[in-house]
Amino acid sequence: VTAGAPCFDDVTGMREALCEARTAGASVGLVPTMGALHEGHLSLIRAARAENDVVVVSVYVNPTQFGPSEDLDRYPRDAEGDRELASGAGADLIFSPSTREMYAADHSTWVEVEGLTSRLCGRTRPGHFRGVCTVVSKLFNICRPDRAYFGEKDAQQLVVIKRMARDLDTGVKIVSCPTVREEDGLAMSSRNQRLTVEQRSQAPVLYRALKAAEEAIGAGEREAGAVIDLVRATLTQAPLGDIEYVEIVDAENLTPVATVAGRCLVAVAVRFGDVRLIDNLTFSV
Ligand code: PAF
């Protein structure tokens, strides 16, 4: 048995452990994850460690956010490794429920954020954000955190969860943390380990394309269409990648912009085989 933070697989046990801490006046930070932890997750756990008395890491591959033809069965899992890594980064408690524990057989309540979720990834992943918002709401209800930590790589998820937390008066402060990258620029993602050697060698093209956008915007380009063309041209340098989208949107409401102004997000999604990679950069001009 690996040493590490106590791990709960039931809602009641998790609640009771946190109830004791809260009664003693402790603040609670929650880091929701789907496991297969990497440096990106560990940076969230360290941020939570720095700001809260108790740090909970949830490790749960949430089936309701996967579409029928997506990679739920192939999503990487490593319970013992996750426990060790999470504990090393400062987790006090781990919540790792089964799907039977999380979803009653007759579960029928969903959390839907309208508008924001029909754009970008929402177009090709119908129901994805409904699954994310539902499970995150449940995690908030179970753990009742003061703060919850999410990575900026999933920029749309972050905007959607912030909206949900505000709209539902959760009282949870949503803290965003910068994307952590491999040395060659590839944004860390649990899905990276599913890339073949050849796909992995081409995957840094996402970051290169975003840096090309950064350079163009830095040099004064303001026409979104021209920046998008440049990003697409860079992405096509990777023959194994299929571009799903390249968009420039307002960073707050995710609507496409014609002119790069204010806070904008340049966001890309590219498929390498059945592995879908996303990345983004935010610009303030
Ligand atoms: O970003 C993720 O890993 C998941 O979407 C989350 C927030 C843990 C919900 O399952």
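We number each residue from 1, following the sequence as shown.
The only member of Val31, Ile94, Leu30 that meets side-chain contact (heavy atoms from CB on, under 4.5 Å) when paired with Val56 is Leu30. Applying side chain to side chain donor-acceptor pair (under 3.5 Å) to Glu70 and the options Gln65, His128, Arg125 leaves one that passes, Arg125.
To the nearest 0.5 angstrom, Glu252 atom CD is 10.0 Å from Leu116 atom CG.
Looking at Thr117 and Arg130, their side chains never come closer than 4.5 Å, going by heavy atoms from C-beta outward. Within the 4.5 Å cutoff, the side chain of Cys177 has no heavy atoms near those of the Phe150 side chain. Counting heavy atoms from C-beta on, the side chains of Asn192 and Leu277 come closer than 4.5 Å. A 4.5 Å side-chain heavy-atom check between Leu93 and Leu18 finds at least one atom pair inside the cut-off. Within the 4.5 Å cutoff, no side-chain heavy atoms of Val268 are placed close to those of Tyr245. Ile217 has its side chain within reach of Val227: a pair of non-hydrogen atoms, C-beta onward, lies under 4.5 Å apart. By the 4.5 Å heavy-atom criterion applied to side chains, Glu112 and Cys133 are not counted as neighbours. Using a 4.5 Å heavy-atom cutoff, the side chains of Leu281 and Leu265 are not in contact.
The shortest non-hydrogen separation linking Lys162 to Ser176 is NZ-OG, 4.3 Å. The heavy-atom pair separating Cys121 from Ile278 by the smallest distance is SG-CG2, 4.1 Å. When all heavy atoms of Phe283 and Leu210 are compared, the closest pair comes out as CZ-O, 4.3 Å. Nearest heavy-atom pair, Gly241 versus Val270, reported as atom, atom and distance to 0.1 Å: CA-CG1, 3.8 Å. In this structure, Gly151 and Leu44 approach most closely via the heavy-atom pair N-CD2, 3.9 Å. Heavy-atom minimum distance, Ala224 versus Ile248: O-CD1, 3.7 Å.
Every ring pair (Phe, Tyr, Trp, His ring centres under 6.0 Å) that Tyr103 has, sequence neighbours left out, goes to His107. The side chain to side chain contact (heavy atoms under 4.5 Å, CB included) check on Ala89 picks up Leu42, Ile45, Arg46, with sequence neighbours excluded.
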Exercise. Where do Ile142 and Phe8 land on the side-chain contact (heavy atoms from CB on, under 4.5 Å) test, with the steps shown first?
Worked result: CA-CA 12 Å; Ile142 294 164; Phe8 295 85; over 6 Å; no

For this session: Given side-chain contact (heavy atoms from CB on, under 4.5 Å), test Arg271 with Ile243 step by step and report yes or no.
Result: CA-CA 6 Å; Arg271 287 178 190 276; Ile243 302 173; over 6 Å; no

Exercise. Would Val160 and Val132 satisfy side-chain contact (heavy atoms from CB on, under 4.5 Å), going step by step from the backbone distance to the final call?
Worked result: CA-CA 9 Å; Val160 167; Val132 169; over 6 Å; no

For this session: Would you please test Asp167 and Val113 for side-chain contact (heavy atoms from CB on, under 4.5 Å) and show each step?
Result: CA-CA 9 Å; Asp167 286 354; Val113 173; 5.5 Å; no

For this session: List the steps, then state whether side-chain hydrogen bond (donor to acceptor under 3.5 Å, both in side chains) holds for Asp10 with Thr12.
Result: CA-CA 6 Å; Asp10 65 313; Thr12 308; 4.7 Å; no

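Proximity of a side-chain donor or acceptor of Thr134 to a complementary backbone N or O of Gly131 within less than 3.5 Å is not detected. Side-chain atoms of Asp9 never come within 3.5 Å of backbone atoms of Phe95 as a donor-acceptor pair (strictly under, hydrogens ignored). Without hydrogens or angle criteria, Ser201 side chain to Glu198 main chain gives a donor-acceptor distance under 3.5 Å. Between the side chain of Thr179 and the backbone N or O of Lys153, at least one donor-acceptor pair lies under 3.5 Å. Gln199 contributes a side-chain N or O that, together with a main-chain N or O of Thr196, makes up a donor-acceptor pair within less than 3.5 Å. With Asp78 contributing its side chain and Gly81 its backbone, the two residues share a donor-acceptor pair below 3.5 Å. Side-chain N or O atoms of Gln156 include one that pairs as donor or acceptor with a backbone N or O of Arg119 at under 3.5 Å. No donor-acceptor pair under 3.5 Å is formed between the side chain of Thr259 and the backbone N or O of Ala261. Although no hydrogens or angles enter the test, the distance criterion places a donor-acceptor pair under 3.5 Å between the side chain of Asp82 and the main chain of Leu37. Panel note: side chain Ser190, backbone Ala36; a donor-acceptor pair is recorded below 3.5 Å.
A continuous path of Ile, Leu, Val, Met, Phe, Trp and Tyr side chains, each step under 4.5 Å between heavy atoms, connects Val257 with Val231, placing both in one hydrophobic cluster. Tracing side-chain contacts under 4.5 Å through hydrophobic residues (I, L, V, M, F, W, Y), one never reaches Leu230 starting from Val205; they form parts of separate clusters. When the side chains of ILVMFWY residues are joined at heavy-atom separations under 4.5 Å, either directly or via intervening members, Met164 and Leu254 end up in a single hydrophobic cluster. Neither Val59 nor Met188 shares a network with the other; the hydrophobic side chains, linked directly or stepwise wherever heavy atoms of I, L, V, M, F, W or Y lie under 4.5 Å apart, form separate groups for each. Taken together through direct or relayed side-chain contacts under 4.5 Å among Ile, Leu, Val, Met, Phe, Trp and Tyr, Val54 and Val57 form parts of separate hydrophobic clusters.
Judged by distance alone, the side chains of Asp53 and Ser27 do bring a donor and an acceptor atom under 3.5 Å apart. Judged purely by distance below 3.5 Å, without hydrogens or angles, the side chains of Tyr60 and Thr99 pair a donor atom with an acceptor atom. In this structure, a donor-acceptor pair under 3.5 Å is present between the side chains of Arg147 and Asn52.
Of the charged side-chain nitrogens involved, at least one lies within less than 4.0 Å of a carboxylate oxygen, so that Glu247 and Arg123 count as a salt-bridged pair. In summary, Arg194 and Asp71 engage in a salt bridge, as defined by a charged side-chain N under 4.0 Å from a carboxylate O. Contact check on Arg200 versus Asp184 returns a salt bridge, with a Lys/Arg side-chain nitrogen under 4.0 Å from an Asp/Glu carboxylate oxygen.
Within the structure, side chain to side chain donor-acceptor pair (under 3.5 Å) pairs that include any residue of residues 209-237 comprise Lys211-Glu214 (at least two apart or interchain). Screening residues 27-46 for ring pair (Phe, Tyr, Trp, His ring centres under 6.0 Å), with sequence neighbours left out, gives His38-His41. Sorted by first and then second residue, the pairs that involve residues 276-285 and meet side chain to side chain donor-acceptor pair (under 3.5 Å), not counting sequence neighbours, are Arg181-Asp279, Glu244-Arg276.
For Arg191, the CZ atom is densely surrounded, since the number of other residues' heavy atoms within 6.0 Å is greater than 12.
Cluster note: Phe66 groups with Met34, Val61, Leu72, Tyr75 through ILVMFWY side-chain heavy atoms spaced under 4.5 Å, whether in direct contact or through intervening members.
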